[in-house]
There are 2 protein chains.
Amino acid sequence: MDPQQLRTFVAVVDHSSFSAAARALGYTQSAVSQHIAALEADLEAPLVTRRPVAPTEAGGRLLEHARPLLLRLDAARADLGRLRRTRPGRLAVACTPGALTPAVAEAVTRVRTASPRLAVSVRVCGRDEAVEAALTGTADLALADGAVAPSDPLPLPEAAPLTAFGIAQEPLAVLLPAGHPLAGRPALRLADLAAARWIDAPDAAVPLDELRAAARTDGFGPQLGYAGADFRGLCALVAAGGGLAAAARDAARGVAGVVAVPLSAPRLVHRVEVLHPRTPTAPAAGLAEALRPTASGTAGG
Amino acid sequence: MDPQQLRTFVAVVDHSSFSAAARALGYTQSAVSQHIAALEADLEAPLVTRRPVAPTEAGGRLLEHARPLLLRLDAARADLGRLRRTRPGRLAVACTPGALTPAVAEAVTRVRTASPRLAVSVRVCGRDEAVEAALTGTADLALADGAVAPSDPLPLPEAAPLTAFGIAQEPLAVLLPAGHPLAGRPALRLADLAAARWIDAPDAAVPLDELRAAARTDGFGPQLGYAGADFRGLCALVAAGGGLAAAARDAARGVAGVVAVPLSAPRLVHRVEVLHPRTPTAPAAGLAEALRPTASGTAGG
DNA sequence: GAGACTTACGCAAGTCGTAAGTATA
DNA sequence: TATACTTACGACTTGCGTAAGTCTC
């Protein structure tokens with residue numbers, strides 16, 4: 001089970017093609033074929049069907065291990081790299097849309113103003129991608145948001161250890177189109193929305209999976225998928241009646257056609273966390289410190 | 001970062017010697033030397049000091065990744081192996097001492113009686129070892145115990161996904177020698193024991209680290225280390241005044257010289273969980289089902 | 001028959017063991 | 001000086017690319 005072979009296997013599945021994976025990895029088709037053959041011989045099980053190329057049951061199982069494994073391998077290399085050379089001239093932040101609150105934006109701006117020679121960059125992406133960036137060193141610090149029970153930590157993929165602490169916790173709201181019959185209510189319970197259609201936008205708002213888990217419910221009937229990390233686009237869909245979404249109460253403030261109604265039951269909050277490697281770069285440590293809640297803060301971690 | 005090289009690195013650190021690691025792995029010293037040299041060249045950092053052989057800072061960091069990485073690699077192989085061949089004639093259980101409650105023992109006996117041709121084995125070991133056994137297929141099912149806040153899950157190392165559910169939850173107690181001034185109390189608070197000496201027996205009783213984490217305290221002053229998974233020996237030490245330990249209230253019932261006093265604050269319970277791979281073997285699934293709490297059960301999970 | 005995966009084969013690189021080298025207690 | 005790690009070197013294995021082969025749509 002060579003990591004290189006695992007990487008090839010993942011690429012083959014992602015591209016549903018040996019040749020496309022070869023192109024992506026800079027190999028020949030032949031090499032890819034040999035990688036897969038070697039893996040299948042090693043594990044004594046077919047991993048992908050050919051024509052069409054798709055993971056078998058064993059292949060699916062292997063995938064669940066391979067991805068975290070490769071991520072952790074990259075994280076290990078990045079971790080050791082950080083020990084050696086520190087790159088104090090850069091501060092790259094990876095951030096989920098819901099985590100880029102005004103307070104966060106202000107803190108980033110403050111760092112930027114205070115250190116004019118520091119190359120500050122912010123990348124908005126999904127949570128998994130943000131965690132991956134923090135682990136592999138693509139970003140120096142990540143910010144993620146989600147829905148959890150009050151004072152619970154966010155359920156993060158634990159491929160490798162990350163330091164995490166909460167910086168904000170506020171009411172969780174349901175985004176409804178302005179004309180929706182429930183839009184005038186002061187608060188809603190999830191039970192009121194049993195028949196509602198939802199939009200599953202795991203990278204732009206609270207992932208439905210997480211809401212389901214935190215609320216200990218199944219449901220959330222037929223969903224409209226929404227890929228990408230653009231919150232405005234999601235709001236447009238909500239406004240158009242495409243479905244509902246969950247977000248922080250103030251996230252959609254001022255967005256035309258969308259009303260945010262707090263969710264009163266089950267008891268859930270919208271939480272934002274800072275994530276960084278256990279040995280952050282100096283600028284990342286500085287920003288993390290600036291974001292850390294003080295005595296008046298609302299979140300622990 | 002070849003897994004084989006990582007395995008060699010871990011062995012070198014564990015044996016504090018290149019030659020001993022070579023013997024253990026079936027290599028020559030030369031090969032071990034080359035593995036380490038290759039790793040150090042790859043990661044561009046010294047990983048172990050020579051003479052004496054000990055991990056450097058970078059080496060320590062690498063270790064934190066390498067162990068879970070190798071475990072997950074083994075878990076992946078075991079997982080795929082289970083898909084292929086099922087070994088219905090065996091039921092190997094790995095179990096922490098505190099998890100082998102009378103109810104568990106009875107359930108195992110019942111399985112054994114019901115299936116006379118099934119080779120049933122129970123191995124008592126520390127929690128990490130039990131988790132490892134369940135992940136790598138050394139055991140078909142694991143049972144682990146620990147101290148947590150009521151209805152919280154046990155904090156398990158998450159090298160790879162395991163199905164886990166609680167099967168018992170009962171008051172957590174402090175084990176004191178019979179003559180101890182606090183032995184007569186109906187209940188104790190951790191604060192009463194601020195000055196006490198503890199025994200840290202992570203494989204035989206509740207690990208102090210965990211108690212500390214669950215109680216959100218530092219403390220537990222000077223400790224006596226106790227390695228191994230033998231509960232009787234630990235009780236002997238407690239009886240002799242070697243220090244205190246935490247365990248389920250009924251664990252030390254009937255042990256001469258030891259008194260178990262319930263811990264009333266902070267609010268903690270002793271919890272037992274069943275752990276098995278997501279695709280358990282048939283006998284393991286049977287035992288898990290037999291252990292699963294019914295309507296009258298005390299634990300969720 | 002064209003596209004896509006597999007197999008054959010040759011070359012280059014890597015890996016291990018033997019043995020000589022070197023450094024430390 | 002003895003022990004333990006490192007380096008040199010040769011035999012062998014592995015891994016990749018080229019190119020021919022095979023299978024399916």
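Each chain gets a letter, A, B and so on, in the order the sequences are listed, and its residues count up from 1. Hydrogens, waters and symmetry mates play no part in the numbers below; they use all other heavy atoms, side chains included.
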- [ ] Spell out protein contact along nucleotides 9-15 of chain C as letters: B when the base is contacted, S when just the sugar-phosphate is, - when no protein heavy atom is under 4.0 Å; keep the 5' to 3' order.
- [x] -------
Open item on the list: Using a 4.0 Å heavy-atom cut-off, does B/Val32 contact any base of the nucleic acid, only the sugar-phosphate backbone, or nothing at all?
Closed with: nothing
Open item on the list: Distance check needed: D/dT3 P versus B/Phe18 CZ, whole Å only.
Closed with: 19 Å
Task: Polar side chain donor-acceptor pair, B/Thr8 to B/Gln4, under 3.5 angstrom - done: no
TODO: Evaluate the side-chain proximity of A/Arg77 to B/Asp42: yes if any heavy-atom separation is below 4.5 Å, no if none is.
DONE: yes
Open item on the list: In this structure, how many angstroms lie between the P atom of D/dT3 and the CZ atom of B/Arg23, rounded?
Closed with: 12 Å
TODO: Find the distance A/Glu40:CD to C/dT7:P and express it as a whole number of Å.
DONE: 10 Å
TODO: Please state how far atom CD in B/Gln29 lies from atom C1' in C/dG21, giving the value in whole angstrom units.
DONE: 14 Å
Task: Rounded distance in Å - CZ (A/Phe9) to C1' (C/dC5) - done: 16 Å
Task: Side chain of B/Arg51 - closest among D/dA4, D/dG17, D/dT7 - done: D/dA4
TODO: Find out whether B/Leu62 and B/Met1 are in side-chain contact, i.e. whether some heavy atom of one side chain is under 4.5 Å from a heavy atom of the other.
DONE: yes
Task: B/Thr138 and B/Arg123: side chain donor to acceptor below 3.5 Å - done: no
Task: Phosphate OP1/OP2 of C/dC5: any A/Ser19 side-chain N/O under 4.0 Å - done: yes
Task: Integer-rounded Å distance: C/dG17 P and B/Leu25 CG - done: 11 Å
- [ ] Give the nucleotide from the list C/dA19, C/dA8, D/dC5 with an atom nearest to the side chain of A/Ser30.
- [x] C/dA8
Task: Sub-4.5 Å side-chain heavy-atom contact between A/Asp74 and A/Leu135 - done: no
Open item on the list: From CD1 of A/Ile36 over to P of C/dT7, roughly how many Å is that when rounded to an integer?
Closed with: 13 Å
Open item on the list: Quick one, B/Leu80 and A/Leu47 - any side-chain contact, counting heavy atoms below 4.5 Å?
Closed with: yes
Task: Selection from D/dC16, C/dG17, D/dT3 that lies nearest to any side-chain heavy atom of A/Ala31 - done: D/dC16
- [ ] Return yes if the base of C/dT18 and the side-chain atoms of B/Thr28 contain a donor-acceptor N/O pair under 3.5 Å, otherwise no.
- [x] no
Open item on the list: Can you confirm whether B/Asp140 sits close enough to B/Arg90 that some side-chain heavy atom of one is under 4.5 Å from a side-chain heavy atom of the other?
Closed with: yes
